[in-house]
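All values below were derived from every heavy atom in this structure, side-chain atoms included, with hydrogens, water molecules and symmetry-related copies excluded.
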Amino acid sequence: MVAARLNQMPLTRWHKRIAVIVGISLFFDLFDIYLSGVLGTVLTGAFHIPKSEQALLLSSAFLGMFIGSIGFNALADRVGRKAAFLGILSTYSVFTFIAAFSPNAAFLIVFRFLAGLGIGALLPLCDVYLSEIFPAHNRGRIMAWTYTLEFCATPVEGFLARALVTTHFLMAGWRWLFVIGSIGAIIVWAMQRHLPESPRWLESAGRHQDAERILARFLEEAPSSATQVKGPTANVVEPKRVPLGTLFTPTYAKRTIMLWIFQILQTFGYYGFGTLVPLVLASKGLTITTSLTYAAVSFIGYPIGSLLSVPIVERIERKWIVVGAAFCMAVFGILFGMTAQPALIMLFGFLYTLSSNIFSNGYHIFQAEIYPTAVRATAVGTAYSLSRLMSGLMPFILLPVLHAHGATAMFSVVAGAMVLLMIDVGALGPKTTGRALEDVNERVIVQEQGPNVGM
């Protein structure tokens with residue numbers, strides 16, 4: 001069967017091109033996600049937004065992401081990964097471009113929400129797509145390389161913001177950041193048209209001939225020895241159509257509860273820093289320009305942390321990578337909140353973002369590995385939507401703590417969330433590193449429901 005041969009195949013040039021295209025896609029996706037956070041103090045000044053309304057500006061895109069993550073990823077299980085990709089990129093490119101010309105805060109809030117419908121769906125769908133394309137023995141490593149390309153967006157955006165916010169060429173500098181994000185999405189849309197559909201999804205949908213054609217394309221670019229990969233054996237479990245209710249059978253209910261709790265909590269640690277750090281630095285008395293400089297230096301940790309995850313994602317069990325990195329985030333977050341020295345602010349900010357991207361890569365690989373092919377995008381997208389919902393609510397939770405009690409108190413709340421997350425993943429998360437997706441999932445279904453499930 002196709003899935004078995006995908007697992008046995010070495011990496012080909014086509015695999016690597018797919019990794020680059022998806023990495024560039026995620027670069028502009030993350031660029032867009034952090035726009036409101038990076039520009040938080042700038043937009044507040046530009047539109048004279050009172051502190052009481054800052055949270056609404058920060059949360060608008062995330063609330064759109066909550067809806068988009070569920071809708072587009074459910075669509076991806078019905079019509080395929082590739083068609084969903086193109087719809088997602090069209091959505092956030094158009095509305096991000098319109099947002100660049102916002103005449104007031106209300107207009108910006110509405111179009112950030114609409115752009116969020118597309119932005120929120122892309123990352124979990126990429127997790128699913130990459131997990132289905134790459135062979136089991138190096139799936140984590142190549143996905144980590146892809147995410148490293150994505151996370152170059154954060155320091156690039158930080159330094160662009162630092163350079164552009166004080167300029168005015170035809171329009172205010174912050175507006176050009178929205179235009180850049182929109183144009184990038186159009187370029188990515190053109191590139192993603194050349195991606196193959198997921199052979200695993202095609203096989204689960206019963207489109208075996210289409211899956212075989214894509215597999216043959218991979219084999220054309222593989223070393224000659226790879227054309228001799230073994231066919232399916234009696235011990236192989238084939239992906240089949242399964243009902244959505246499978247997610248609530250005994251084994252999958254445990255995984256679903258674990259991932260839902262995780263997504264609610266991880267938001268405090270990951271996006272709590274990335275979207276609120278300019279406001280945290282402003283609360284320490286720093287100017288807009290200085291706070292953007294410190295944030296940009298701190299953001300260098302994102303791609304470096306992602307790069308550091310590459311050699312460990314296949315050597316350490318994925319769930320323990322998540323747990324260990326969450327512990328580091330809790331420690332460095334509190335230290336970042338406590339310090340007022342410029343050098344220490346940048347050091348602890350850098351260490352925090354470095355840890356958070358080892359954390360991020362670990363969980364993005366992990367969450368796409370724990371569900372069966374036929375419902376994978378729906379399951380991951382639904383769980384991920386909870387993090388988008390929490391990201392929308394998070395400013396209403398953390399900003400009042402920041403304004404009333406300071407940065408140390410705010411990061412203490414973040415640390416508490418990370419401790420609960422560590423217990424959740426450590427106790428309930430399954431082992432996935434180096435295992436075929438079908439062994440982690442479809443075999444479990446056969447054991448629970450019998451060999452004729454999905455027939």
(message) Any donor-acceptor pair under 3.5 Å linking the side-chain atoms of Arg388 with those of Ser385?
(response)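 Result is no, nothing qualifies.
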Once you round to the nearest 0.5 Å, how far does [atom1] of [X] lie from [atom2] of [Y]?
{"X": "Gln266", "Y": "Ile261", "atom1": "CD", "atom2": "CD1", "result": "13.5 Å"}
{"X": "Asn361", "Y": "Phe366", "atom1": "CG", "atom2": "CZ", "result": "14.5 Å"}
{"X": "Arg376", "Y": "Trp201", "atom1": "CZ", "atom2": "CH2", "result": "13.5 Å"}
{"X": "Met65", "Y": "Leu122", "atom1": "CE", "atom2": "CG", "result": "11.0 Å"}
{"X": "Ser25", "Y": "Leu149", "atom1": "OG", "atom2": "CG", "result": "9.0 Å"}
{"X": "Leu86", "Y": "Thr91", "atom1": "CG", "atom2": "OG1", "result": "10.5 Å"}

Would the distance check show the side chain of [X] and the main-chain N or O of [Y] forming a donor-acceptor pair, the cut-off being under 3.5 Å?
{"X": "Asn441", "Y": "Glu369", "answer": "yes"}
{"X": "Thr267", "Y": "Ser387", "answer": "yes"}
{"X": "Tyr352", "Y": "Gly269", "answer": "yes"}
{"X": "Asn357", "Y": "Ser360", "answer": "no"}
{"X": "Thr433", "Y": "Arg318", "answer": "yes"}
{"X": "Lys319", "Y": "Lys431", "answer": "no"}
{"X": "Glu132", "Y": "Ser198", "answer": "no"}
{"X": "Ser131", "Y": "Val128", "answer": "yes"}
{"X": "Ser309", "Y": "Ser306", "answer": "yes"}
{"X": "Arg139", "Y": "Arg435", "answer": "yes"}

Side chain to side chain, [X] and [Y], heavy atoms closer than 4.5 Å:
{"X": "Arg255", "Y": "Val440", "value": "yes"}
{"X": "Lys16", "Y": "Val20", "value": "no"}
{"X": "Met329", "Y": "Val414", "value": "no"}
{"X": "Thr373", "Y": "Leu437", "value": "no"}
{"X": "Met390", "Y": "Phe268", "value": "yes"}
{"X": "Pro303", "Y": "Leu307", "value": "no"}
{"X": "Leu421", "Y": "Val322", "value": "yes"}
{"X": "Pro196", "Y": "Trp14", "value": "yes"}

Work out which heavy atom in [X] is nearest to a heavy atom in [Y]; give both atom names and the distance.
{"X": "Ser204", "Y": "Ala374", "value": "OG-CA, 4.1 Å"}
{"X": "Ala326", "Y": "Met418", "value": "O-CB, 3.7 Å"}
{"X": "Asn73", "Y": "Ala121", "value": "ND2-O, 3.3 Å"}
{"X": "Cys126", "Y": "Val22", "value": "SG-CG1, 3.7 Å"}
{"X": "Tyr384", "Y": "Leu123", "value": "OH-CD2, 3.2 Å"}
{"X": "Phe218", "Y": "Ile133", "value": "CZ-CG2, 4.2 Å"}

(request) Please test Phe113 against Tyr92 for ring-ring contact (aromatic ring centres under 6.0 Å, His included), starting from the C-alpha separation and ending with a verdict. (result) CA-CA 10 Å; Phe113 169 81; Tyr92 89 71; over 10 Å; no
(message) Centre-to-centre under 6.0 Å for Phe359 and Phe151, is that the case here?
(response)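 No - the distance between ring centres of Phe359 and Phe151 does not fall below the 6.0 Å cut-off.
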(message) So that I know where these two stand, are Phe85 and Tyr129 an aromatic pair - ring centroids less than 6.0 Å apart?
(response)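 Close enough - the centres of the two rings lie under 6.0 Å apart.
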(request) Under the side-chain contact (heavy atoms from CB on, under 4.5 Å) rule, what do Leu202 and Gln209 come out as? Steps first, then yes or no, please. (result) CA-CA 9 Å; Leu202 290 169; Gln209 291 184 340; over 6 Å; no
(request) Just do the side-chain hydrogen bond (donor to acceptor under 3.5 Å, both in side chains) check on Thr378 and Tyr371 with the steps written out, would you? (result) CA-CA 10 Å; Thr378 300; Tyr371 289 108; over 6 Å; no
(request) Determine, for Glu197 against Arg207, whether the closest basic-nitrogen to carboxylate-oxygen distance falls under 4.0 angstrom. (result)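 Salt bridge absent between Glu197 and Arg207.
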(message) Assess whether a salt bridge exists between Arg200 and Glu438, defined as any Lys/Arg side-chain N lying under 4.0 Å from an Asp/Glu carboxylate O.
(response)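 Yes, Arg200 and Glu438 are salt-bridged.
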(request) Determine, stepwise, if the pair Ile304 / Leu308 fulfils side-chain contact (heavy atoms from CB on, under 4.5 Å). (result) CA-CA 6 Å; Ile304 294 178; Leu308 289 176; 4.3 Å; yes
(request) Fit a plane to each ring of Tyr147 and His364, take the angle between them on a 0 to 90° scale, and name the class: parallel (under 30°), tilted (30 to 60°) or perpendicular (over 60°). (result)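 Tyr147 and His364: tilted rings.
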(request) Apply the test ring-ring contact (aromatic ring centres under 6.0 Å, His included) to residues Phe111 and Phe107: give CA-CA distance (whole Å), side-chain angles for both, the deciding distance (0.1 Å), then the verdict. (result) CA-CA 6 Å; Phe111 280 92; Phe107 190 97; 4.5 Å; yes
(request) Please test Val313 against Ile365 for side-chain contact (heavy atoms from CB on, under 4.5 Å), starting from the C-alpha separation and ending with a verdict. (result) CA-CA 9 Å; Val313 290; Ile365 297 167; 4.2 Å; yes
(message) More than 12 heavy atoms of other residues, nucleotides or ligands under 6.0 Å from CZ of Arg78: yes or no?
(response)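 No, the 6.0 Å shell around CZ holds no more than 12 heavy atoms from other groups.
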(message) Evaluate Gln367 against Phe262 for side-chain contact (heavy atoms from CB on, under 4.5 Å), listing each step before the verdict.
(response) CA-CA 10 Å; Gln367 72 173 356; Phe262 170 85; 5.6 Å; no
